[in-house]
Number of protein chains: 2
Amino acid sequence: MNFETIRWENGKVIIIDQTKLPEKFIERTCQTVEELHDAIKVLAVRGAPLLGVTAAFGLYLGIQNCNQKKGEAFIGEIERVAAYIKTSRPTAVNLFWALERMVACARSNVQKTVPEIKEILFHEAELIKREDSELCRSIGKHGEPLIEEGDVVLTHCNAGALATAGIGTALAPLYIAHEKGKRFKVYADETRPLLQGSRLTAWELNRSGIDVTVICDNMAASLMRKGIIKKVIVGADRIAANGDAANKIGTYSVAVLAKYHTISFYIAAPYSTVDASCPSGEQIPIEERNGEELKKIGERKIAPDDITVYNPAFDVTPQTLITAFVTERGVLYPPFDQALKK
Amino acid sequence: MNFETIRWENGKVIIIDQTKLPEKFIERTCQTVEELHDAIKVLAVRGAPLLGVTAAFGLYLGIQNCNQKKGEAFIGEIERVAAYIKTSRPTAVNLFWALERMVACARSNVQKTVPEIKEILFHEAELIKREDSELCRSIGKHGEPLIEEGDVVLTHCNAGALATAGIGTALAPLYIAHEKGKRFKVYADETRPLLQGSRLTAWELNRSGIDVTVICDNMAASLMRKGIIKKVIVGADRIAANGDAANKIGTYSVAVLAKYHTISFYIAAPYSTVDASCPSGEQIPIEERNGEELKKIGERKIAPDDITVYNPAFDVTPQTLITAFVTERGVLYPPFDQALKK
């Protein structure tokens with residue numbers, strides 16, 4: 001991997017403007033918390049783990065020049081900035097989590113001087129970034145042995161470096177295998193309707209020198225039939241206690257096709273994705289998104305105006321179709337209810 | 001169905017400009033054979049059966065005002081016009097077939113007067129159109145009993161009225177069931193990369209008052225898992241002697257998913273699609289199309305410029321995944337090698 005999704009430089013946050021990908025690689029500099037708020041809002045920066053890191057640096061950006069002299073008043077200012085950043089993506093769990101961690105960190109140091117608290121907060125943001133990066137590498141190291149010399153791997157959507165401050169989750173084993181000099185080929189489902197595969201996964205693997213080919217989602221089956229695809233690795237948004245996993249719409253389709261063609265199907269995700277309070281996939285609610293996503297690409301209409309569309313954002317892959325989970329704690333094999341509990 | 005894909009009116013050929021669908025329903029009038037040639041070339045008119053009918057009327061359009069007085073010289077002119085129309089879509093088999101039938105018809109009437117030959121040719125074009133329309137209805141009538149009250153049917157691509165001079169092939173059973181007052185629901189795969197499902201199938205079913213919902217190709221599996229989809233009907237481009245069938249890319253994927261979820265999978269196609277000289281799907285060559293189709297929609301880039309893409313136009317569904325073939329000769333069940341021979 002040869003790009004950095006987020007970095008702190010001379011008092012500013014620099015991100016990749018992901019709305020410009022894959023056409024252009026443009027970095028966007030956020031000098032103020034308002035600029036960073038806007039970058040999150042317009043999806044210039046996206047991906048759950050990366051949003052957490054961005055919010056943490058955003059908080060520091062918002063208070064670095066604060067003139068408050070007293071700890072309590074300074075904490076109040078920190079809370080105001082955190083509340084403001086939260087309004088940029090009100091459903092982003094990682095963003096909330098990171099901001100709460102930053103605020104709690106400040107509060108537990110309230111007896112220190114304001115310059116000291118500022119420095120502590122900067123290091124906390126750096127720590128959140130480093131932890132995310134290390135988490136990715138750890139998933140990658142555990143998954144790397146699954147990638148063989150000459151392998152051909154299919155992935156769906158983008159659980160890649162662009163969604164994290166590191167080498168991604170589902171794509172992490174591929175980056176580590178590439179670093180080790182293994183040669184392999186990746187097929188990336190374009191992933192309708194939002195095309196994260198062709199726009200993001202293709203871009204980041206290609207830029208990193210990994211051999212990647214984009215296909216339409218409906219082409220994977222015939223590649224499997226020809227024996228070309230050897231294994232599948234995808235990410236997950238939520239894993240139930242029994243191992244059923246919710247991920248981008250189309251993942252279940254890939255899992256069934258893999259099962260039918262006797263191809264291994266791996267989910268690579270941080271352990272935090274496991275929701276122990278959710279017994280099975282039945283309890284995972286599936287967000288239905290705006291139908292316009294199927295009717296237009298850019299300004300181009302691709303379906304009749306008055307047509308009915310169905311646009312679920314996720315589907316659930318039952319645990320019986322999953323070969324193993326690749327996490328930062330290792331590769332977990334069935335029975336998953338026991339493996340995921342540990 | 002409440003539109004006509006092609007008609008002859010006051011010495012002109014009138015077609016629906018399918019490049020304007022689904023945004024606008026615009027009829028395009030061809031006054032000269034050059035205008036008709038252009039309409040075929042820019043894909044304003046498409047679909048194998050419809051191209052045959054269009055070419056037949058195009059030939060008549062090209063010779064209706066010819067001043068030749070002698071039969072032989074007139075036949076020469078007819079052949080020149082036919083050769084010219086052939087250059088509009090040099091790989092369209094039905095177009096060649098219809099033109100050859102028109103030329104042969106003229107030649108077998110060479111002893112008649114030029115006005116008589118002209119009249120015979122006009123009636124031959126009308127006959128080609130009527131035969132196509134009747135073929136569609138016949139497929140529809142045989143397939144209609146498969147559609148039950150309250151049914152939910154998935155289709156892929158567009159083997160519909162817009163591809164024929166009648167009510168389509170794969171969609172014909174649906175139109176007949178609708179005429180009979182049966183209520184049912186259709187899910188249309190959008191069918192990447194060229195989106196014939198969302199652009200054409202959705203448009204024509206919606207316009208005809210049939211309840212249709214567009215989905216991305218990767219969403220069908222989760223609808224099947226939920227038990228919503230009860231059967232699948234698709235068309236075919238070529239059927240081998242053993243029953244293996246080539247159709248639009250993604251059809252094989254749907255067939256595997258249907259099998260996994262124990263859902264009937266029907267292919268509705270004219271008997272002429274059966275290629276007795278082709279023993280199995282192994283011998284069917286698969287056209288690979290320009291990769292730009294995956295990288296752009298309209299002028300909008302959706303993948304990196306320098307990315308590798310794989311873009312097969314068709315896939316082959318093995319006969320073991322096919323429940324039955326719906327043809328104008330009836331519904332054919334396994335063993336297909338015997339059923340297709342009759």
Side-chain angles (χ1 to χ4, degrees), chain A residues 21-23 156 187-193 195 197-199 202-203 206-207 211-225 248-257 259-261 286 291 294-295 297-312 315-316 318, chain B residues 21-23 156 187-193 195 197-199 202-203 206-207 211-225 248-257 259-261 286 291 294-295 297-312 315-316 318:
Chain A
L21 294 177
E23 280 204 67
H156 188 77
Y187 281 94
D189 273 351
E190 62 174 8
T191 317
R192 284 284 290 150
L195 300 162
S198 53
R199 291 191 298 109
W203 181 85
N206 195 42
R207 185 176 169 97
D211 181 356
V212 59
T213 299
V214 173
I215 57 171
C216 295
D217 303 328
N218 67 26
M219 295 170 184
S222 60
L223 286 172
M224 289 181 180
R225 181 164 174 84
K248 187 64 59 202
I249 185 70
T251 302
Y252 169 64
S253 186
V254 176
V256 170
L257 295 170
K259 183 67 138 191
Y260 185 83
H261 296 92
I286 300 298
L294 268 79
K295 293 162 107 173
I297 295 186
E299 289 310 303
R300 174 96 168 193
K301 286 184 191 173
I302 56 170
D305 277 332
D306 56 348
I307 205 76
T308 304
V309 302
Y310 173 59
N311 186 22
D315 58 25
V316 173
Chain B
L21 295 176
E23 279 206 65
H156 187 76
Y187 280 94
D189 273 351
E190 62 174 8
T191 317
R192 284 284 292 151
L195 300 163
S198 54
R199 291 191 298 109
W203 180 86
N206 196 40
R207 185 177 168 96
D211 181 356
V212 58
T213 299
V214 173
I215 56 172
C216 295
D217 303 330
N218 66 26
M219 296 169 183
S222 60
L223 286 173
M224 289 182 180
R225 182 167 174 84
K248 186 63 59 201
I249 186 70
T251 303
Y252 170 64
S253 186
V254 176
V256 169
L257 295 170
K259 183 67 138 191
Y260 184 83
H261 296 93
I286 300 298
L294 269 79
K295 294 162 107 172
I297 294 186
E299 289 310 304
R300 174 94 167 195
K301 285 185 192 173
I302 56 171
D305 277 332
D306 56 348
I307 205 76
T308 304
V309 302
Y310 172 59
N311 185 21
D315 58 24
V316 173

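Letters A, B, ... mirror the listed sequences (proteins, then strands); counts begin at 1.
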For the student: nearest non-hydrogen atoms of Y252(A) and A221(B), plus distance: CE2-O, 3.4 Å

Residue part contacting chain A, namely of D315(B), when any heavy atom lies under 4.5 Å: side chain

Region of R199(B) in contact with chain A, defined by heavy-atom distances below 4.5 Å: both

Contact winner vs chain B - I302(A), V309(A), T251(A), heavy-atom pairs under 4.5 Å: I302(A)

Region of Y310(B) that comes under 4.5 Å of a non-hydrogen atom in chain A: both

Non-hydrogen side-chain atoms of L257(A) and L257(B) separated by less than 4.5 Å: yes

Pairs of heavy atoms under 4.5 Å with chain B: top-ranked of D211(A), I249(A), V212(A): I249(A)

Engaged part of I286(B) at the chain A interface, taking heavy atoms whose separation is under 4.5 Å: neither

Pick from A220(B), P318(B), G291(B), A188(B) with the largest number of heavy-atom pairs that fall under 4.5 Å of chain A: P318(B)

Most contacts with chain B, counted as non-hydrogen pairs under 4.5 angstrom, among L223(A), V316(A), L21(A): L223(A)

Least distance between heavy atoms, R300(A) atom then G298(B) atom: NH1-CA, 3.6 Å

Heavy-atom side-chain contact between P193(B) and M219(A) under 4.5 Å: yes

Pairwise distance CG(D217(A)) to SG(C216(B)) - rounded to 0.5 angstrom: 7.5 Å

Which portion of D306(B) sits near chain A, non-hydrogen atoms under 4.5 angstrom: both

Flag, side chain of N218(B) to backbone of S253(A), donor-acceptor distance under 3.5 Å: no

L294(A) side chain near S198(B) side chain, heavy-atom distance below 4.5 Å: no

Distance in Å, I215(B) CD1 paired with N311(A) CG, rounded so as to fall on 0.5 Å steps: 11.0 Å

When H261(A), K259(A), M224(A) are compared by non-hydrogen pairs under 4.5 Å with chain B, the top option: H261(A)

